[in-house]
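Structure first, then comments.
Please read all numbers here as calculations on a predicted model, not as lab measurements. Side-chain atoms are counted along with the backbone in the values below, which use heavy atoms only and exclude waters and symmetry mates.
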Amino acid sequence: MGEAMKWAEFAALAEGHRRAGLLDQAEQLTRSGLDEHPDCAEGALVMALVLLDQGCDEEARRVIADWADTNLGVEVTDESQASEAFGA
């Protein structure tokens, strides 16, 4: 991967490889991209799709869960009010 590749480009390129059935190349591109940009949602999603296509369901779930935990993780308590946060 060239160093000029932008954060989302690796995910798009990997997704193209995945759609073409080139799963090994898609996995390599995605893993390399996520090493440099671990917070890239597109990369995590493509990685999960590649793993699902390879029959690695548990690893795919772990990729999504790890990304969500790192980027969306919040602590919910009994006092948490979703209606206050979202104006419902």
Using 4.0 Å as the upper bound for N to carboxylate O, is an ion pair formed by E58 and R62? no

The reported gap from CD in E9 to NE2 in H37 (rounded to nearest 0.5 angstrom) is 9.5 Å

Separation between CG (L51) and CG (D57), nearest 0.5 Å, reads 9.5 Å

| task | Determine, stepwise, if the pair T70 / D39 fulfils side chain to side chain contact (heavy atoms under 4.5 Å, CB included). | result | CA-CA 8 Å; T70 300; D39 60 338; over 6 Å; no

Decide whether E59 and Q54 meet the rule of one side-chain donor and one side-chain acceptor closer than 3.5 Å. no

query: Any donor-acceptor pair under 3.5 Å linking the side chain of D69 with the backbone of A65?
result: no

Exercise for review: Take L34 and F10, measure what side chain to side chain contact (heavy atoms under 4.5 Å, CB included) needs, and give me the verdict at the end.
Suggested key: CA-CA 9 Å; L34 286 172; F10 81 88; 4.1 Å; yes

Shortest non-hydrogen pair, A26 vs A14, comes out as CB-O, 3.4 Å

Scanning both residues in full, the closest heavy-atom pair of G43 with A11 reads N-CB, 3.7 Å

CZ of R18 to CG of L23, rounded to nearest 0.5 Å, is 8.0 Å

Next item on the list: Verify the neighbour count for atom CZ of R61: are there more than 12 heavy atoms of other residues, nucleotides or ligands below 6.0 Å?
Entry: no

Legend entry - Check against side chain to side chain contact (heavy atoms under 4.5 Å, CB included), L72 and W67: CA-CA 8 Å; L72 302 175; W67 186 91; 3.7 Å; yes

dist E27:CD -> C56:SG (nearest 0.5 Å) comes out at 7.5 Å

Value for CD (E15) from CG (L29), rounded to nearest 0.5 Å, stands at 11.5 Å

